[in-house]
Every structure is written in C-alpha cells, then in structure tokens.
Amino acid sequence: MLEIQRLRSEKESVIEGLKKRHFDATEIVNSILSKDEQWRLEMAKLQEVSSKMNQISKQIGFLFKEGKAAEANEAKTQTSVLKTVEAELKEKVDDLQAEITELMYQLPNVPNELVKVGKSEQDNETVFEHGTEPDFGFKAIPHWEIADKFNLIDFELGVKITGAGFPVYIGKGAKLQRALIAFFLDEAEKNGYVEHQAPILVNEDSAMGTGQLPDKEGQMYYMPVDDFYLIPTGEVPLTNIYRNVILPNEDFSIKITGYTPCFRREAGSYGKDVRGLNRLHQFDKVEIVRVEHPDNSEKALNEMIDHVKGLLEKLGLQYRILRLCGGDTGFAAAMTYDFEVYSAAQDKWLEVSSVSRFDTFQSTRLKLRFKNADKKSQLCHTLNGSALALPRIVASLLENHQTENGVNIPECLHKYLNFTKI
RNA sequence: GGAGAAUUGGCAGAGUGGUCGAAUGCACUGGUCUUGAAAACCAGCGUACCGCAAGGUACCGGGGGUUCGAAUCCCUCAUUCUCCGCCA
C-alpha cells in the first residue's frame, strides 16, 4: 500500500509513475484525496465533540464527588444530543476511512525510475546474459520424459493422492530435491542470511501484511475451519516476522532465508505451460528476504541479484536476467528482476527466480519501521527473492545437463548426494 | 478436547467505574557532582492521527456492548499458564 502522505504531497509523480504500468490512477487518486480531505474535516469535528464530551464527563464526576447530584444529573441531559452527534460523526469518519483504504488497496506500487513503460512480458528488458546453449549433438528431450525414464518423478501418483500439480519425487529425484534445498540454504548462509523455519499456514493479518490479500485472494488455498491460508511463497511468513516492529535505530540490515513448501491454486492454467514441472500447485523454494534502510535498498537488491547469479553459475546453467517493464512488474513491487534459464528441449525460457524491491509498499501494511536519527519512526524497505524455486531448476538441470544415456549432476551438489549421475 | 487462572508502557508490577495515558521499581537518555568512573541527586523517557502552532483525539491482548464516563462491568475471539484427557 502506498502512503497517503505521498499521495498528498506527490500526487502528480505517483500518477505519472503508475502510467508505466499502463495504470491510469487519476480517478482513484483524486477520489482518495477528496475523501481524505473530507475525512480530515469530519475527523476534526469528531475530535471536537469528543473533547467536549470528555470535559462534561469529567465535570459530572466532580459534581457527584461533591455531592451535587442534582447538578450532575442536569449535566447528563446535555450529553444525549452530543452523544448522538458523536456517534454519527464516528460512523462518517469510519466509513470514509474504510472507503479510502479500499481505494488505496487498488493502487499498485509506483515503479522505480529504471523501470520502462510496458504492457506485457514482450516489453521486458534483458539486462544480463550468461553462458551459451548446450550443444547436445542429439535431440534434447524434455524433463518430464527424463523424469519418467529414470523414475525420478511420478506425476500420476500425485494425481491419485491429491490431484494434478502435486508430483511425487522418487529415489534420486527426491534426493536431488533435498540436495538442492541444502545447497541453497548453505549458500544463503554463506552470504549472511540467517536460516529460519517458519509456519507454512498463516493467518489473515499475515496475508494482508505482504499484500497477498486482498488482491490475490484466489491464488491461495484457504482453510475456512481455522481461517488460515497456505502460503504461496516463503516471503509471507518470513517477512511477517517483522510485522508491527519498530527497529531501535537506523543501523540495521536484516537478511533472512528459509526453505518452505509453497502452495498455489493456479486456477485457469492449462496446456503446455503446466506440463511436467513447469507449473505446480505445491513446490519447494528457498527464499531470501531483506529489511533495509531506504538508503540501502538499491545496494541490497544488487547483492541479491549477485547471490542468485552465483547459484545459477554454480549449477552450470545458461541464464539471462530481465528487468520487468511496468506492466509485468507485480502489484506490490517497485522493481523486479526475473532470472530465466533457456530450455533447448522445450525451446523456451523458464523463469527460475524473481527478485524484487518493494520500497515501503509492504512496510506500510506491515507497520515495519525504524527509529531514524531524529528518533522519529520511519518505514523500512523490504525486498525478497527466490534463491531458488526448485521445480524449474530441477527441470533445467535435467534438460540442460542431459547426456545420451543420463544426466550429469553439477559438482556443487555432489557433497549432498551419493551419486554424481542419473 | 474438557475445567480453571491470566493478558496493563522496553521489562517487572500497581490500579476493580470518575481529574488514569496510567503509581512505583528497573532499564534507557540528558544534566549536576567527580581528575575519571561508580554512587547519589535533578530532569526526560510509549504509539498513531488531526493541527502552522497552542492543543486535541485514540490506544491498558483483538473486536463489540453497557454508561454522562471503562484499564476497571458484560459479550466474543485470540494467546499464555495450571490440571485432566489424547498424541507424533
């Protein structure tokens, strides 16, 4: 959520910035500001009335104490009108507040200055490329065929147990998952991220805090009996660790990581996009999350990018980095870099990581602040990224490291496995 | 799952309808004293919103209610502790 103060003071630049998303915010912003003005007006009235009520109540207290019951009762009669007025104003103020909040929820984050105007993924900029397409010397086969051939993953079995999109990993397939998780966590730790194991069911406040609610309600699995949501990403529990937190000074840089399963309903997905491991309802991911001073946010983002680069290079994968255009940047993000690995077998780029900075968009909702030099509370910046999501990495490894009679496992994983080839 | 007790400021802890945003202690910040430190003493010390300011409003686990007035009474939800039951 954007800060209302920002709308008040930088209305034009917010509207201008949101145009990069092809989002015309003029109407919403104007509506917010006019309601905001009204709200302040009514608020002032309400406070005045409340003040008067408080005064009278205090007086009544005094009068009773002094035994002047008659005068006290007389004063009481004065209050009934005020009370009605107060209730009316209160309702007006609350309604306005609710309307403003609802409108605020509709505004996406303002893109960073580096982000280009654009509508869809066609407009994303490639900012970095690494590696070359592997030369197999034979027709590369897609990961689902490899997985089937070596009995690494059983998609049908998952259908029996749960449904489509819940694969069962078997033998070397399961071990590979475990090795990747361990590798990612160890690498994150080397770069200063503190490992956490957090709940994968979260309450409504948490889902609100990171922005999954109210915008993306349909994306999450929901458990009505207990009013919990299954997390769509580790970002939710990890970032919410810092909900309602005021850090004591401006000398901080919080770096945390965690492995979690992730659950996404992915309603409406179909066809080759969901083939094999390309899109699942349940998958594993190691997430890195940072809470930073606003001045440090850019540096943090670059460090995260370098971190992910390192992982992909150690895994020996050819990849490119895209800076998403305005229209393709997620609702809450100010800037996002996607990492994609090329799959010759599928003849397509697979998104394997997404690293974003949110500036204060999440911390507004989270109420995540720090005390600045003037001892004032100021909103922190939050960032997060996948480092990495497992399924497409597994797909890429199987596809890009395939040989005529198997798959070579990259060296960085050897110490976690009792085999080096599949 | 059942029964009971509890939830107050960074921490500890008082307050059971009226001048309480909340005693007191500790911690913390500034000052006095001291060669320096400690001790002692003095002062300050929550969050948010409205306002140029003076000031005002809201907040005692969350939400709702009673009342002229609620930290205090009622309802409800959550959490913690104790006992019983069940259990990886």
Side-chain angles (χ1 to χ4, degrees), chain A residues 1-9 32-104 197-209 213-214 222-229 237 240-252 261 360 362-380:
Chain A
M1 189 160 70
L2 295 173
E3 294 157 76
I4 184 99
Q5 294 89 334
R6 186 167 171 192
L7 291 190
R8 288 181 194 150
S9 61
I32 289 172
L33 288 177
S34 93
K35 281 179 196 297
D36 180 52
E37 207 164 308
Q38 232 179 311
W39 175 79
R40 280 190 278 180
L41 212 74
E42 300 297 330
M43 188 67 168
K45 284 192 211 162
L46 171 63
Q47 291 188 352
E48 203 178 313
V49 173
S50 299
S51 179
K52 208 165 214 169
M53 279 291 277
N54 288 344
Q55 260 176 30
I56 294 173
S57 296
K58 234 172 228 184
Q59 251 167 22
I60 292 174
F62 280 124
L63 290 172
F64 272 123
K65 213 160 231 181
E66 291 165 20
K68 299 174 182 165
E71 285 180 48
N73 285 319
E74 165 62 25
K76 268 195 203 182
T77 59
Q78 288 180 42
T79 61
S80 69
V81 175
L82 275 179
K83 221 182 165 185
T84 318
V85 174
E86 189 182 28
E88 280 168 8
L89 283 170
K90 177 92 166 51
E91 202 186 328
K92 232 185 237 178
V93 166
D94 286 350
D95 286 353
L96 279 168
Q97 181 65 71
E99 287 168 28
I100 291 168
T101 306
E102 202 190 310
L103 288 169
M104 290 296 287
Q197 278 207 23
I200 58 175
L201 265 58
V202 297
N203 59 31
E204 192 182 326
D205 286 345
S206 292
M208 281 292 234
L213 290 180
Y222 174 56
M223 316 187 71
V225 179
D226 294 293
D227 209 13
F228 291 146
Y229 294 86
N240 271 284
I241 289 173
Y242 291 94
R243 175 153 47 85
N244 281 328
V245 166
I246 300 178
L247 300 165
N249 55 53
E250 42 186 6
D251 183 26
F252 66 93
T360 59
Q362 288 185 326
S363 56
T364 319
R365 293 199 201 180
L366 290 164
K367 296 191 173 41
L368 164 54
R369 291 157 293 178
F370 67 95
K371 289 279 190 196
N372 65 21
D374 299 330
K375 307 260 186 212
K376 290 274 177 205
S377 297
Q378 196 180 329
L379 291 166
C380 299

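Numbers restart at 1 for each chain; the letters A, B, ... are given by sequence-line order, proteins then strands.
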Kindly give the atom pairs (protein nitrogen or oxygen, nucleotide nitrogen or oxygen) under 3.5 Å for nucleotides 58-60 of chain B.
{"from": "B:A58", "atom 1": "OP2", "to": "A:Asn54", "atom 2": "ND2", "distance (Å)": "3.4"}

* Asked: With no hydrogens and no angle check, do the side chains of A:Tyr222 and A:Asp227 hold a donor and an acceptor under 3.5 Å apart?
  -> yes
* For the residue pair A:Ser206 and A:Asn203, confirm or rule out a side-chain donor-acceptor distance under 3.5 Å. => yes
* Phosphate OP1/OP2 of B:C50: any A:Lys45 side-chain N/O under 4.0 Å -> no
* Using a strict cut-off of less than 4.0 Å between a Lys/Arg side-chain nitrogen and an Asp/Glu carboxylate oxygen, indicate whether A:Lys45 and A:Glu48 qualify as a salt bridge. => no
* So what does A:Ser377 touch, heavy atoms closer than 4.0 Å: a base, only the sugar-phosphate, or nothing? -> sugar-phosphate
* Whole-Å C1' distance, B:C45 and B:C26 -> 13 Å
* So which one's nearest nucleotide on RNA chain B is more toward 5', A:Gln55 or A:Ala44? -> A:Ala44
* Asked: How many Å lie between CG on A:Asp94 and P on B:C49, as a whole number?
  -> 17 Å
* Between B:A38 and B:C33, how far apart are the C1' atoms? Round to whole Å, please. => 12 Å
* Spacing of A:Gln47 atom CD relative to B:A54 atom C1', expressed in whole Å -> 15 Å
* Carefully, step by step, assess A:Glu204 and A:Leu213 under the rule side chain to side chain contact (heavy atoms under 4.5 Å, CB included). => CA-CA 8 Å; A:Glu204 192 182 326; A:Leu213 290 180; 3.7 Å; yes
* Asked: Do any side-chain nitrogens or oxygens of A:Arg40 fall under 4.0 Å of OP1 or OP2 in B:G51?
  -> yes
* If we take the P atom in both B:G65 and B:A71, what is their distance in whole Å? -> 15 Å
* May I ask you to check whether over 12 heavy atoms, not counting those of A:Glu66, lie within 6.0 Å of atom CD? => yes
* Asked: Which nucleotide sits closest to the side chain of A:Trp39: B:G56, B:G46, B:C49?
  -> B:C49
* Asked: What integer number of Å spans the C1' atoms of B:G85 and B:G9?
  -> 39 Å
* **Phosphate contact (B:A48 OP1 or OP2) by A:Arg369 side-chain N/O below 4.0 Å** => yes
* Asked: Given atom CD of A:Gln97 and atom P of B:A48, what is their separation to the nearest angstrom?
  -> 16 Å
* To do: Answer yes or no: does atom CG of A:Asp251 have more than 12 heavy-atom neighbours from other residues, nucleotides or ligands under 6.0 Å?
  => no
* Base-paired stems that RNA chain B participates in, counting runs of 3 or more Watson-Crick or G-U pairs under 3.5 Å -> B:1-7 with B:78-84, B:10-12 with B:24-26, B:28-32 with B:40-44, B:46-50 with B:55-59, B:61-65 with B:73-77
* **side chain to side chain contact (heavy atoms under 4.5 Å, CB included) evaluation trace for A:Thr84 with A:Glu88** => CA-CA 6 Å; A:Thr84 318; A:Glu88 280 168 8; 3.9 Å; yes
* How long is the line joining CD1 of A:Ile4 and C1' of B:A48, in whole Å? -> 15 Å
* To do: Give the minimum heavy-atom separation between A:Asn240 and A:Leu366, together with the two atoms involved.
  => OD1-CD2, 3.4 Å
* **Nearest-Å distance for atom pair CG/C1', residues A:Leu96 and B:C49** => 15 Å
* Would you kindly give the NZ-to-P distance between A:Lys90 and B:G63, to the nearest whole Å? => 10 Å
* Which whole number of Å gives the distance between the C1' atom of B:U72 and that of B:G18? -> 11 Å
* Between atom CG in A:Leu46 and atom C1' in B:G51, what is the gap in whole Å? -> 15 Å
* Asked: With nearest nucleotides of RNA chain B determined for A:Lys83 and A:Asp36 from heavy-atom distances, which residue corresponds to the more 5′ nucleotide?
  -> A:Asp36
* So which heavy atom on A:Ile100 is nearest to which on A:Trp39, and how close? -> CD1-CB, 4.0 Å
* Asked: For atom C1', what is the distance between B:G63 and B:A12, given to the nearest Å?
  -> 29 Å
* Verify side chain to side chain contact (heavy atoms under 4.5 Å, CB included) between A:Asn372 and A:Lys376, making sure each step is shown before the conclusion. => CA-CA 5 Å; A:Asn372 65 21; A:Lys376 290 274 177 205; 3.5 Å; yes
* Residue pair A:Arg369 / A:Leu379: nearest heavy atoms and the distance that separates them -> CG-CD2, 3.7 Å
* To do: Please report the shortest heavy-atom distance between A:Lys83 and A:Met53, naming the atom on each side.
  => CG-CE, 3.7 Å
* To do: Measure the distance from CG on A:Asn372 to P on B:U47 and round it to the nearest whole Å.
  => 12 Å
* Between A:Cys380 and A:Phe370, what is the shortest heavy-atom contact and its length? -> SG-CD2, 3.7 Å
* To do: Using the P atom as the reference point in each nucleotide, state the distance between B:U32 and B:A22 in Å, no decimals.
  => 29 Å
* Asked: Does a side-chain N or O from A:Arg8 land closer than 4.0 Å to OP1 or OP2 of B:C50, or not?
  -> yes
* Given the C1' atoms of B:C75 and B:U67, what is the spacing between them in whole Å? -> 16 Å
* Would you say B:C49 has OP1 or OP2 under 4.0 Å from some side-chain N or O of A:Gln5? -> yes
What N/O pairs connect the protein and nucleotides 15-20 of chain B at under 3.5 Å? Give each pair on its own line.
{"from": "B:G18", "atom 1": "N2", "to": "A:Ser57", "atom 2": "O", "distance (Å)": "2.6"}

* Structure fact -> For A:Met104 and A:Glu3, the nearest pair of non-hydrogen atoms, with its separation, is CE-C, 4.1 Å
